[in-house]
Amino acid sequence: MEDLLNLNFSFNSIVHFQRVPPKYVAYKKEDLRKLLEIAKRHDNIYLEILLCLFCGLRIGEVRGLNFDHVDFENHTITVMQQAPYESFITIKTEHGVEKCLNEDCIKPPKSGSSYRTIKVPDIVVDELYRRREKNKQYFKTHPNAVSYWRNYICIGFGGELISSKTVTEGLYKICKKNGLPKISAHGLRHLCATILLEQNVPLEEISHILGHASVSTTFDIYCGEIQGRDNILDFLSSNFDPITHLARKAG
């Protein structure tokens, strides 16, 4: 458009398609209670489920959290990075196939608006305490484990970051085995937005909590027909009490 490329192309021929909002799974109060009760017995992904559901984090943001981002005194977490890729990569060498540490899997958040601090419910703080002690014990009893991710929250086998696939497939297995609607980690993020809407949290604040680039993004995704709202409204025992986006707060 700025004539930087010598192309014989008419930009007027570009066809713009309307964005189709993703369809999310509607969960009733009893479904949600059952999911959490069962997930608690699957301790390896319980905290990850809570962070998506009660804090609205993307799964990459969950994997990118470390304990330096948690303020246990003030019950807040700060999102300042994500781990969208796996922590290990497989490469072919002259000696065969080797598995190598992928330090580059840690990236900045999706957008500038994704940098945010969120007040979290007591249930999440309690699980963060438990996970911290569990991780400490794991590395203490597994001296040969990869120590690079020692301070991270989502530690799995061998000291690696757990994969997003582990969380997703774990969720699917819980749902299938117990007759629950199939839901993904991103679907839990949608439920978080639904609960906030039911609590009459302003749309602008929900946008900050979810880390959307603009309020219009939140509106387009979540302000269609929301099913089961009355069923979830009285489920939570505590409020989210969100802290606004850091840049906005500083201003």
Side-chain angles (χ1 to χ4, degrees), residues 20-65 77 79 82-87 110 118 120-128 130-131 134-135 152-157 160-199 206 209-212 218 221-238 240:
V20 179
K23 294 183 179 180
Y24 293 95
V25 180
Y27 254 62
K28 295 182 179 180
K29 179 179 65 175
E30 293 305 319
D31 292 333
L32 191 54
R33 177 181 288 115
K34 186 176 181 181
L35 174 68
L36 291 177
E37 288 175 350
I38 297 168
K40 192 169 185 178
R41 300 197 293 267
H42 293 70
D43 191 51
N44 59 322
I45 61 169
Y46 183 52
L47 176 56
E48 286 74 15
I49 289 174
L50 294 182
L51 288 168
C52 292
L53 176 62
F54 289 148
C55 302
L57 300 190
R58 302 174 178 95
I59 188 60
E61 293 171 341
V62 172
R63 297 178 66 240
L65 282 177
I77 57 176
V79 178
Q82 62 172 328
Y85 314 124
E86 302 311 324
S87 57
K110 186 175 181 180
I118 306 170
V120 298
D122 290 345
I123 184 175
V124 178
V125 176
D126 291 343
E127 288 303 316
L128 283 167
R130 290 185 67 252
R131 180 64 66 83
K134 179 182 177 182
N135 287 0
Y152 280 74
I153 290 170
C154 305
I155 299 300
F157 180 77
E160 302 178 23
L161 284 182
I162 67 168
S163 67
S164 55
K165 184 178 180 181
T166 297
V167 179
T168 299
E169 291 190 350
L171 265 171
Y172 288 165
K173 287 180 181 178
I174 290 173
C175 294
K176 183 177 181 179
K177 188 175 181 180
N178 297 279
L180 292 167
K182 184 178 179 181
I183 192 167
S184 65
H186 199 75
L188 295 176
R189 176 173 153 88
H190 168 70
L191 283 181
C192 174
T194 301
I195 293 168
L196 291 172
L197 285 168
E198 291 170 358
Q199 293 187 105
I206 297 176
I209 292 169
L210 298 178
H212 283 158
T218 311
I221 296 175
Y222 296 109
C223 286
E225 181 181 355
I226 299 176
Q227 303 178 24
R229 291 179 61 173
D230 294 337
N231 297 310
I232 299 178
L233 178 58
D234 61 341
F235 179 75
L236 296 182
S237 60
S238 59
F240 279 80

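Keep in mind that what you see is a predicted model, and the values were worked out from it rather than measured.
Y27 and P181 get closest at one heavy-atom pair: OH-O, 2.6 Å. Nearest approach of Y152 to L161, heavy atoms of both residues: CB-CD2, 3.7 Å. Smallest separation of non-hydrogen atoms from C52 and C192: O-CB, 3.9 Å. Across every non-hydrogen atom of A185 and L171, the tightest pair is N-CD1, 3.6 Å. In this structure, S184 and Y172 approach most closely via the heavy-atom pair CB-OH, 3.7 Å.
Atom CD1 of I206 is separated from atom NE2 of H212 by 10.5 Å, given to the nearest 0.5 angstrom. Separating the CD atom in E160 from the SG atom in C154 is a distance of 13.5 Å, to the nearest 0.5 Å. Distance check, rounded to the nearest 0.5 Å: CD of E48 to CG of L188 gives 11.5 Å. For the atom pair CD1 of I174 and CD1 of I45, the computed distance is 4.5 Å after rounding to the nearest 0.5 Å. Going from atom OG of S164 over to atom NE2 of H186 covers 13.0 Å, rounded to the nearest 0.5 Å. Note: L47 CG to F54 CZ = 12.0 Å, rounded to the nearest 0.5 Å.
Here the side chain of N178 pairs no donor or acceptor atom with the backbone of L35 at under 3.5 angstrom. Not a single donor-acceptor pair under 3.5 Å links the side chain of N44 to the backbone N or O of G156. K110 places no side-chain N or O within donor-acceptor distance of the main-chain N or O of R58, the cut-off being under 3.5 Å.
In this structure, I183 and L191 have side chains that are in contact, with non-hydrogen atoms separated by less than 4.5 Å. You'll find the side chain of L36 reaches within 4.5 Å of the side chain of L53, heavy atoms only.
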Fill in: Verdict with supporting geometry, I118 and L57, side chain to side chain contact (heavy atoms under 4.5 Å, CB included)
CA-CA 10 Å; I118 306 170; L57 300 190; 4.0 Å; yes
Worksheet item: Run the salt bridge (charged side-chain N to carboxylate O under 4.0 Å, His left out) check on K34 and E37 step by step: do they pass?
Response: CA-CA 5 Å; K34 186 176 181 181; E37 288 175 350; over 6 Å; no
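Residue Y85 qualifies as open at atom OH: its count of foreign heavy atoms under 6.0 Å is 12 or below. Other residues, nucleotides and ligands contribute only 12 or fewer heavy atoms inside 6.0 Å of the CZ atom of F157. By the neighbour-count criterion of 12 heavy atoms within 6.0 Å, atom NZ of K182 is sparsely surrounded, having that number or fewer from other residues, nucleotides or ligands.
C55 pairs with exactly one of I77, L210, I209 by the side chain to side chain contact (heavy atoms under 4.5 Å, CB included) rule, that one being I77.
Of the charged side-chain nitrogens involved, at least one lies within less than 4.0 Å of a carboxylate oxygen, so that R130 and E127 count as a salt-bridged pair. Of the charged side-chain nitrogens involved, at least one lies within less than 4.0 Å of a carboxylate oxygen, so that E86 and R63 count as a salt-bridged pair.
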